[in-house]
Visitor: 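What follows is a single structure, and I will ask about it in a moment.
Being a predicted model, the structure only gives us computed values, none of them experimental. Counting starts at 1 for both ligands and their atoms, in listed order. Heavy atoms only: backbone and side chains are in, while hydrogens, waters and symmetry mates are out.
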Amino acid sequence: MIDAQAKLIERALQALGPKAVITDATEIEPWVTDWRGRVRGAAPAMLAPGSTEEVAEIVRLAQEHRVPLVPQGGNTGMAAGATPPADGSALLLSLRQMNRIRSMSAENRMAVAEAGVVLATLHDAANEVGMRFPLTLGARGSCTIGGLTSTNAGGTQVLKFGTMRALVAGVEAVLPDGSIHNGLSDLKKDNRGYSLDQLLIGAEGTLGVVTAVALRLVPAIASRAVAWVGLESPTRALDLLRHLEARTSSVEGFELIPQDCLDLVLKHVRGTRPPLSGRHNWHVLIEATTAAFDTDIGGEIERLLGDALEQRTIEDAAMAASEAQAEAFWKIRETISEAERAEGQTLAHDISVAVADMPAFLGEAAAKVQQAFPGAVASGFGHLGDGNIHFHVRAGDRAAPDWYEREGGEITRFVDDLVTAAGGSISAEHGIGQLKRDELARLAPTRVFHTPILGMIKKPAAKLPAMPPKVFMT
Ligand SMILES: Cc1cc2nc3c(=O)[nH]c(=O)nc-3n(C[C@H](O)[C@H](O)[C@H](O)COP(=O)(O)OP(=O)(O)OC[C@H]3O[C@@H](n4cnc5c(N)ncnc54)[C@H](O)[C@@H]3O)c2cc1C
């Protein structure tokens, strides 16, 4: 541990007490590796403040002692942004103790949750007052409101409700100089100048520590229809989405899944069963909801799928007959990454292109990757309606213990070049973290690096009077 860190830890202990300053290596250990288990870091201490004032105190101390902090929520991020550097130069700043829901108002359709509130906890609390926070994703049992805000997370209902950016009404955060920005407000409209809140969303902790967030709510779901569809191609899947969207506004989830991903789930995830009797090149999982108790949402979706079947847009479909079956369908979608991990090494690329271009991109990119790296298996699944696919390359016949280290970088650059040539983004919803930092620098158009922000993140501390090298590391 370097001297500056020891001094900071001692001062933090004096100011906040031992509950907020964890130096026991076994307690820190579970939090220094990223969710995918690819990036391992080290930190001599984990600071765990319980209030905004305590976060501010820690940031002021970090500033004074020039020690970088790595903010962390549930550590479920996919880009290793919450993992400290391996040289132990930074301290972890865990927001998990800040886990109060400060307010929940059905009248105002607004909740204020602290950064450490777990998404599933917020879902339950909103449901208790007849409301809903309409963003969800596979990590909902662990990911936090601070992490979701800081990565501008998307998830499976973006089609209808947008990403965090659309659902955050205001942010409270501690800024690099230790001051507190209070953007929490009950106002639905407020055009007084710039929105620092919007800048903090998706900043991955580089501009401040999010301590609480005002979140927009919608009425709770009265009923939902979940359907599994088999079809020939991503083009047909997009045809189906447009067919549905032209006739109903109730579709909020539309997930594309190739047969090979379904096969992996059936092979590795216990208790899963094929939703349809036959095999199909591609599958789509559809969720439609209504907040109106007198709407027969199941009947509506079944009728629309019947039309699509008649028009040969789709090959087969099954409506979930119960909540248990609906959950079983969703389990298949949400365990694809887990099944891939069980199968072997996988390179994950969270990419987006224009929605209309995605079907062609998927086929062409997979073919090009497999041609350039014979034996590897490329395929994509995910949020077709958002033009956002998780384009994964599995080692396949090229599998070797060092495959990831040996070829990972080259394959990822190959994929990222294809995405960039198609006018797409190499990070659709997972952020930059550590994993995509070099590729962002290599490929991002100049406008993405808004100069003053780049200055704060990348330039040497000497040019940044009020900013340590990186108070907030990503
Ligand atoms: C099974 C699974 C499914 C997923 N599905 C999706 C999906 O469909 N869509 C999607 O968008 N994402 C998905 N994710 C990843 C998603 O980004 C994270 O789940 C979530 O956004 C991160 O929350 P977290 O609390 O775990 O943040 P962490 O992983 O702890 O941190 C993520 C980043 O935010 C920063 N950060 C965390 N808290 C704060 C804070 N309070 N202030 C400032 N910075 C902070 C960290 O430094 C890091 O850079 C999935 C992850 C898993 C494991």
Visitor: For the side chain of Gln72 and the backbone of Ala82, is there at least one donor-acceptor N/O pair under 3.5 Å apart?
Guide: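 Checked: pair present.
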Visitor: Please list, in number order, the atoms of ligand 1 under 4.0 Å from a heavy atom of Thr151.
Guide: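 By the 4.0 Å cutoff, the relevant atoms are 17 (O), 21 (O), 32 (C), 33 (C), 34 (O).
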Visitor: Compute the shortest N/O to N/O distance between Pro71 and ligand 1 and return yes if it is under 3.5 Å, no if not.
Guide: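 Between Pro71 and ligand 1 (N or O atoms, distance only) the closest approach is under 3.5 Å.
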Visitor: Against heavy atoms of Leu137, which atoms of ligand 1 measure under 4.0 Å?
Guide: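 In order of numbering, the contacting atoms are 5 (N), 6 (C), 7 (C), 8 (O), 9 (N), 10 (C), 12 (N), 13 (C), 19 (O).
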Visitor: At the 4.0 Å heavy-atom cut-off, does Ala79 count as touching ligand 1?
Guide: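 Flag not set, Ala79 not near ligand 1.
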Visitor: Under the criterion side-chain contact (heavy atoms from CB on, under 4.5 Å), which of Thr156, Leu148, Val158 is the partner of Leu137?
Guide: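 Passing option: Leu148.
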Visitor: Going by distance only, is there an N or O of Ala139 that falls short of 3.5 Å from an N or O of ligand 1?
Guide: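 N/O-N/O distance under 3.5 Å: no.
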Visitor: Based purely on interatomic distance, does Thr156 place a nitrogen or oxygen under 3.5 Å from a nitrogen or oxygen of ligand 1?
Guide: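 In fact, backbone or side chain, Thr156 has no N or O that close.
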Visitor: Begin with the C-alpha distance, continue with both residues' side-chain angles, and end with the deciding distance and a verdict on salt bridge (charged side-chain N to carboxylate O under 4.0 Å, His left out) for Glu29 and Arg40.
Guide: CA-CA 10 Å; Glu29 173 66 21; Arg40 207 180 144 66; 3.2 Å; yes
Visitor: Thr144 heavy atoms, cut-off 4.0 Å: which ligand 1 atoms fall inside?
Guide: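 In order of number, 23 (O), 24 (P), 25 (O).
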Visitor: Looking at Trp35, does the NZ or CZ of Arg341 lie under 6.0 angstrom from its six-membered ring centre and within 45 degrees of the ring axis?
Guide: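 Checked: cation-pi criterion met.
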Visitor: Under a 4.0 Å N-O cut-off, is there an ion pair linking Lys19 with Glu54?
Guide: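 Glu54 and Lys19: not salt-bridged.
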Visitor: Can you confirm, on distance only, whether ligand 1 has an N/O atom lying under 3.5 Å from any N/O atom belonging to Glu429?
Guide: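 Yes; at least one N/O pair falls below 3.5 Å.
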Visitor: Consider ligand 1: state whether an atom of it lies below 4.0 angstrom from any non-hydrogen atom of Gly433.
Guide: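 No; Gly433 lies far enough from ligand 1 that no heavy-atom distance drops under 4.0 Å.
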Visitor: So is there a nitrogen or oxygen of Trp35 less than 3.5 Å from a nitrogen or oxygen in ligand 1?
Guide: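 Not met; the criterion fails.
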Visitor: Taking 4.0 angstrom as the limit, do Glu439 and Lys436 come out as a salt bridge?
Guide: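 So Glu439 does not pair with Lys436 through a salt bridge.
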Visitor: Which atoms from ligand 1 have a heavy atom of Ser150 less than 4.0 Å away?
Guide: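 Near Ser150, meaning under 4.0 Å from one of its heavy atoms, ligand 1 has 34 (O), 35 (C), 36 (N), 39 (C), 40 (C), 42 (N), 43 (C), 44 (N), 45 (C).
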Visitor: Below 4.0 angstrom from a heavy atom of Ala115, which ligand 1 atoms are there? Numbered from 1 as shown, please.
Guide: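 Ligand 1 atoms under the 4.0 Å threshold to Ala115: 41 (N).
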Visitor: Does the N or O separation between Ser142 and ligand 1 drop below 3.5 Å for any pair?
Guide: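 No - when backbone and side-chain N and O of Ser142 are compared with those of ligand 1, no distance drops under 3.5 Å.
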Visitor: Under the side-chain contact (heavy atoms from CB on, under 4.5 Å) criterion, do Asn99 and Thr144 qualify, and how do the steps go?
Guide: CA-CA 9 Å; Asn99 57 7; Thr144 64; over 6 Å; no
Visitor: Could an N or O of ligand 1 be found under 3.5 Å from any N or O of Met78, whether backbone or side chain?
Guide: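 No: no nitrogen or oxygen of Met78 is under 3.5 Å from one in ligand 1.
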Visitor: Where the side chain of Gln434 meets the backbone of Ala80, is there a donor-acceptor pair that is under 3.5 Å apart?
Guide: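 Yes; judged by distance alone, with no hydrogens or angles, the pair exists.
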Visitor: So which of Val209, Leu196, Ile180 actually passes side-chain contact (heavy atoms from CB on, under 4.5 Å) with Leu175?
Guide: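 Passing option: Leu196.
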Visitor: For ligand 1, which atoms sit closer than 4.0 Å to a heavy atom of Gly208?
Guide: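 Per the distance check, 43 (C).
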Visitor: Does Val70 reach ligand 1 with a nitrogen or oxygen that is under 3.5 Å from one of the ligand's nitrogen or oxygen atoms?
Guide: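 Such a contact does not occur with ligand 1.
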Visitor: Taking heavy atoms and a distance under 4.0 Å, where does His430 meet ligand 1: side chain, backbone, both or neither?
Guide: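 It is the side chain that touches ligand 1; the backbone stays farther off.
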Visitor: For Val210, take its heavy atoms, then give the atoms of ligand 1 lying under 4.0 Å from any of them.
Guide: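 Going through ligand 1 atom by atom, the ones under 4.0 Å from Val210 are 40 (C), 41 (N), 42 (N), 43 (C).
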Visitor: Could you tell me whether Arg333 and Glu287 make a salt bridge, using a distance below 4.0 angstrom between a side-chain N and a carboxylate O?
Guide: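 Not counted as a salt bridge, because no side-chain N and carboxylate O are separated by less than 4.0 Å.
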Visitor: With a 4.0 Å cut-off on heavy atoms, does His383 reach ligand 1?
Guide: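 Yes, His383 has a heavy atom closer than 4.0 Å to ligand 1.
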Visitor: Here's a test for you: under side-chain contact (heavy atoms from CB on, under 4.5 Å), which of Thr289, Leu244, Ile301 qualifies with Ser250?
Guide: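 For Ser250, the side-chain contact (heavy atoms from CB on, under 4.5 Å) test succeeds with only one of Thr289, Leu244, Ile301, which is Ile301.
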Visitor: Which atom pairs, donor and acceptor, lie under 3.5 Å between side-chain atoms of residues 120-127 and protein residues at least two apart or in another chain?
Guide:
{"unit_1": "His123", "atom_1": "NE2", "unit_2": "Phe133", "atom_2": "O", "d": "3.4"}
{"unit_1": "His123", "atom_1": "NE2", "unit_2": "Leu135", "atom_2": "O", "d": "2.8"}

Visitor: With atoms numbered from 1 as shown, which atoms in ligand 1 lie under 4.0 angstrom from a non-hydrogen atom of Leu95?
Guide: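 Atoms satisfying the 4.0 Å criterion: 41 (N).
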